[in-house]
Amino acid sequence: LDEAGTAVSPAISTDFDGDARSAPHDIGADAFVPAPSSTTPMAGTYTIGSGGNYATFTAAVNDLLLKGVSAAVTFEVISDTYIERFSIAPVPGASSTNTVTFTSQSGTASDVIVYYAAAGAGDNYVVQFNGADYVRIQNMTLASNSVPNSTYATVILFTGGVEGARIEGNNFIGTSTGGAAASQTLVYGPNALYTSRIVNGNTFTDGSWAVALTGYSSALLSSGTQVNNNTFDNQGYGFIFLENQSAARVNGNTGNGPAADRGAELQYCDAGLQVQKNNFSVSTGYGIYLYFCDGGTGLPTPRGNISNNMINVGGGGAAYGITLYYCTYQDVYFNSVNITSSNLASGLGLYVVGTTTSVNVVNNVFANPGGGYAVYLDAAGTAGINTSDYNAMYTTGNFIGYWGSASYAMLSDLQSASLKDAASISVYPSFTSSTDLHSVSPWLDEAGTAVSPAIATDFDGNARSAPHDIGADAFVPAP
């Protein structure tokens, strides 16, 4: 604020205290002379912890906000346990070049533990991005209230339109819960407009949701959201919730939820949405759930792409492997779905419902050893299926599929009714296990077809042969 203002007319010659104003003027009611130590912006590397430049995160942040930055700044955190929470307001001078990074000095997440147990809604975070742009949290363990079913247990809280946040390589630990409360979500960002947030390569344990990020509205979408290469374990309700996003990325994640109801739930996630190479196993509910997601038409905006995923939904309740609810311009390619729920009426490998436009369903495995449907499409859903073919369907139950308004016992009956899936097959997929959906079935080998845009690799990153194998796994069967 020092000497950052300008002259006004009529002139204001004194400040709140009656002191003469300098020229150029200070901004605000107080005319002051800053301490020399506060006038040099921060740049380079500093340490936090015993014997470091700052004893605590709070002390480091206070100095950061006072001085600002003139170049990239890294705070290396000395190995220890820190019982505190801290809030980062906008940092003067921060930019896509002048980033601010907090990281363990060793590079090992378990060496630095930051823990805080919130008492209520007002202090419900370990780290708050309070409008702070271009801040990175890396390679640390961040833990909230570990008492089971704690009401307040958020770890990272985004407040406002935070830009350029990167959350990478951390361990997150929350409260063990069976609920879906926002106050128990590990990384939580409600209703904000932004263009870049990345959550990559972290491990999440417990909490209601692991990651929940919401754009401003369905009419004003956020963009640049990436939730990639994370590991989720024991969430009470779900792994990933994204809403009001454009061209979001949900790729390469692994989730195991013995009590979870959602793998990835994506609401109003439009344009070139990607949901690729995820491995989700949940106890009931939805593996991948798209709700009012509208992809692009291909040019110039890419279609939505749901490909190379391995999805298991178990238990005894309703179980939906891949769901498209009122969705348009989506490509569902090369997925492997295994429904082990014993629910016969609502155990569905593929579920397409509501007004649908230009959806392609090709080269997927929809298996239902629990006895429900391999595929289920209501009348509005069937109307929007552009292509459905080269899929492998399997059930131990009475009906392999539902199309429009009727159930069909045999694939041939489904083909006749739908005029789709002429090259699809009904075979046992020979998955490695109920949750490891790699296959050794020779019936899936080279039984698929080329798709556009091309999918060059499989779930594991292996090159796909030509003709393609059906499902998420490209393999060579034993002779």
Student: Using the benzene-type ring in the case of Trp, are the ring centres of F366 and Y394 under 6.0 Å apart?
Tutor: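 Not under 6.0 Å, so no.
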
Student: Is there a donor-acceptor pair under 3.5 Å between the side chain of T154 and the backbone N or O of T185?
Tutor: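 Pair found, side chain donor or acceptor close to backbone of T185.
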
Student: If you look at every heavy atom in N98 and G93, which pair is closest and at what distance?
Tutor: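 Closest approach of N98 to G93, heavy atoms only: ND2-O, 3.2 Å.
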
Student: Side chain of N338, backbone of T435: donor and acceptor closer than 3.5 Å?
Tutor: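 No.
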
Student: Check whether NZ of the Lys or CZ of the Arg R85 lies under 6.0 Å from the centre of the six-membered ring of Y115 and within 45 degrees of that ring's axis.
Tutor: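 Judged by the rule, R85 and Y115 form no cation-pi pair.
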
Student: Between F292 and Y325, how do the two ring planes meet: parallel, tilted or perpendicular, split at 30° and 60°?
Tutor: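 Rings of F292 and Y325: perpendicular, over 60°.
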
Student: Judged by atom type as modelled, is there a donor-acceptor pair below 3.5 Å linking the side chain of S217 to the main-chain atoms of L220?
Tutor: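 Side chain of S217 to backbone of L220: a pair is present.
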
Student: Whether the side chain of S426 engages the backbone of M393 through a donor-acceptor N/O pair (distance < 3.5 Å, no angle test) should be reported.
Tutor: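 Side chain of S426 to backbone of M393: a pair is present.
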
Student: Apply the test side-chain hydrogen bond (donor to acceptor under 3.5 Å, both in side chains) to residues N251 and Q274: give CA-CA distance (whole Å), side-chain angles for both, the deciding distance (0.1 Å), then the verdict.
Tutor: CA-CA 7 Å; N251 298 333; Q274 289 183 7; 3.0 Å; yes

Student: Aromatic contact between F102 and F86, with the criterion being ring centroids under 6.0 Å apart: yes or no?
Tutor: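 Yes.
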
Student: How close do E446 and S465 get, counting heavy atoms only, and between which atoms?
Tutor: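 Smallest interatomic distance, heavy atoms only, reads CG-OG, 4.1 Å.
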
Student: Atom CG of L377 and atom OH of Y402: how far apart are they, to the nearest 0.5 Å?
Tutor: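 Interatomic distance, L377 CG to Y402 OH, rounded to 0.5 Å: 10.5 Å.
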
Student: What distance separates N145 CG from D206 CG, expressed to the nearest 0.5 Å?
Tutor: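 N145 atom CG to D206 atom CG measures 11.5 Å (nearest 0.5 Å).
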
Student: Do other residues, nucleotides or ligands put more than 12 heavy atoms under 6.0 Å from the OH atom of Y152?
Tutor: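 It does not: Y152 OH has 12 such atoms or fewer within range.
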
Student: Measure from the side-chain N and O atoms of N124 to the backbone N and O of S183, and report whether any donor-acceptor pair falls under 3.5 Å.
Tutor: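 Yes; judged by distance alone, with no hydrogens or angles, the pair exists.
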
Student: What distance do S434 atom OG and I339 atom CD1 have between them, rounded to the nearest 0.5 Å?
Tutor: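 CD1 of I339 is found 11.5 Å from OG of S434.
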
Student: Taking S104 for the side chain and N139 for the main chain, is one N or O donor matched with an acceptor at less than 3.5 Å?
Tutor: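 Between the backbone of N139 and the side chain of S104 there is a qualifying donor-acceptor contact (under 3.5 Å).
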
Student: Could you check, using the six-membered ring where one of them is a Trp, whether H468 and Y390 have ring centers closer than 6.0 angstrom?
Tutor: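 No, they do not, as the ring centres are separated by 6.0 Å or more.
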
Student: When you measure from the side chain of N230 to the backbone of N202, do you find a donor-acceptor pair of N or O atoms at a distance under 3.5 Å?
Tutor: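 Yes, the answer is positive, given that a donor and an acceptor are paired below the 3.5 Å cut-off.
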
Student: Going by the side-chain hydrogen bond (donor to acceptor under 3.5 Å, both in side chains) test, name the single residue among T457, N308, N229, N228 that passes it with K277.
Tutor: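 That would be T457; it is the only one of T457, N308, N229, N228 passing the side-chain hydrogen bond (donor to acceptor under 3.5 Å, both in side chains) with K277.
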
Student: Looking only at heavy atoms, what is the nearest atom pair of A192 and G160, with distance?
Tutor: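 The answer is CB-O, 3.3 Å.
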
Student: Can you confirm if the NZ or CZ of R197 lies within 45° of the ring axis of Y194 and under 6.0 Å from the centre of its six-membered ring?
Tutor: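 The answer is yes, since R197 meets both limits relative to Y194.
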
Student: Does any N or O in the side chain of R262 come within less than 3.5 Å of the main-chain N or O of A260, such that one atom is a donor and the other an acceptor?
Tutor: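 It does not hold such a pair.
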
Student: State, without any angle test, whether Q128 and T159 hold a side-chain donor-acceptor pair at a distance under 3.5 Å.
Tutor: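 Side-chain D/A pair, Q128 to T159: present.
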
Student: Can a side-chain donor-acceptor contact be found between N368 and T395 if the only test is distance below 3.5 angstrom?
Tutor: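 Looking only at side-chain atoms, N368 and T395 do not form any donor-acceptor pair under 3.5 Å.
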
Student: If we only count heavy atoms from C-beta on, is the L186 to Q235 side-chain gap below 4.5 Å?
Tutor: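 When only atoms from C-beta onward are counted, Q235 and L186 do touch, with a gap below 4.5 Å.
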
Student: Show your working on side-chain contact (heavy atoms from CB on, under 4.5 Å) between M410 and I400 and close with a plain yes or no.
Tutor: CA-CA 6 Å; M410 306 296 292; I400 197 166; 5.8 Å; no

Student: So, N305 versus Q276: side-chain donor-acceptor pair below 3.5 Å or not?
Tutor: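 Yes - a donor-acceptor pair under 3.5 Å links their side chains.
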
Student: Quick check: closest heavy atoms across G179 and S208, and the distance to 0.1 Å?
Tutor: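 Heavy atoms of G179 and S208 come nearest at O-CB, 3.2 Å.
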
Student: Give the minimum heavy-atom separation between V147 and S150, together with the two atoms involved.
Tutor: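 What the structure gives for the nearest pair is O-OG, 2.6 Å.
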
Student: Looking only at atom types and distance, does a side-chain atom of N312 sit under 3.5 Å from a main-chain N or O of S281, one as donor and one as acceptor?
Tutor: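 Here the side-chain-to-backbone pair does not exist.
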
Student: Just checking, is any N or O donor in the side chain of Q184 or T175 under 3.5 Å from an acceptor N or O on the other one?
Tutor: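 Per modelled atom types, Q184 and T175 side chains form no pair under 3.5 Å.
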
Student: Would you say T323 and Y291 are linked by a side-chain donor-acceptor pair, where the criterion is simply a distance under 3.5 Å?
Tutor: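 Result is no, nothing qualifies.
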
Student: Between N335 and Y333, is there a donor-acceptor pair closer than 3.5 Å when you use the side chain of the first and the backbone of the second?
Tutor: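 Looks like yes, one N/O pair under 3.5 Å.
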
Student: Thinking salt bridges, do D331 and R303 make one under a 4.0 Å N-O criterion?
Tutor: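 Salt bridge present between D331 and R303.
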
Student: State whether a side-chain donor-acceptor pair under 3.5 Å links T328 with D294.
Tutor: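 Present: a donor and an acceptor within the cut-off.
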
Student: Ignoring hydrogens and geometry beyond distance, is a side-chain donor-acceptor pair present between S424 and D421 at under 3.5 Å?
Tutor: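 Side chains of S424 and D421: pair found under 3.5 Å.
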
Student: Could you tell me if T225 and Q245 have a donor-acceptor pair between their side chains, going purely by distance under 3.5 Å?
Tutor: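 Checked: Q245/T225 side chains pair up, N/O donor to acceptor below 3.5 Å.
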
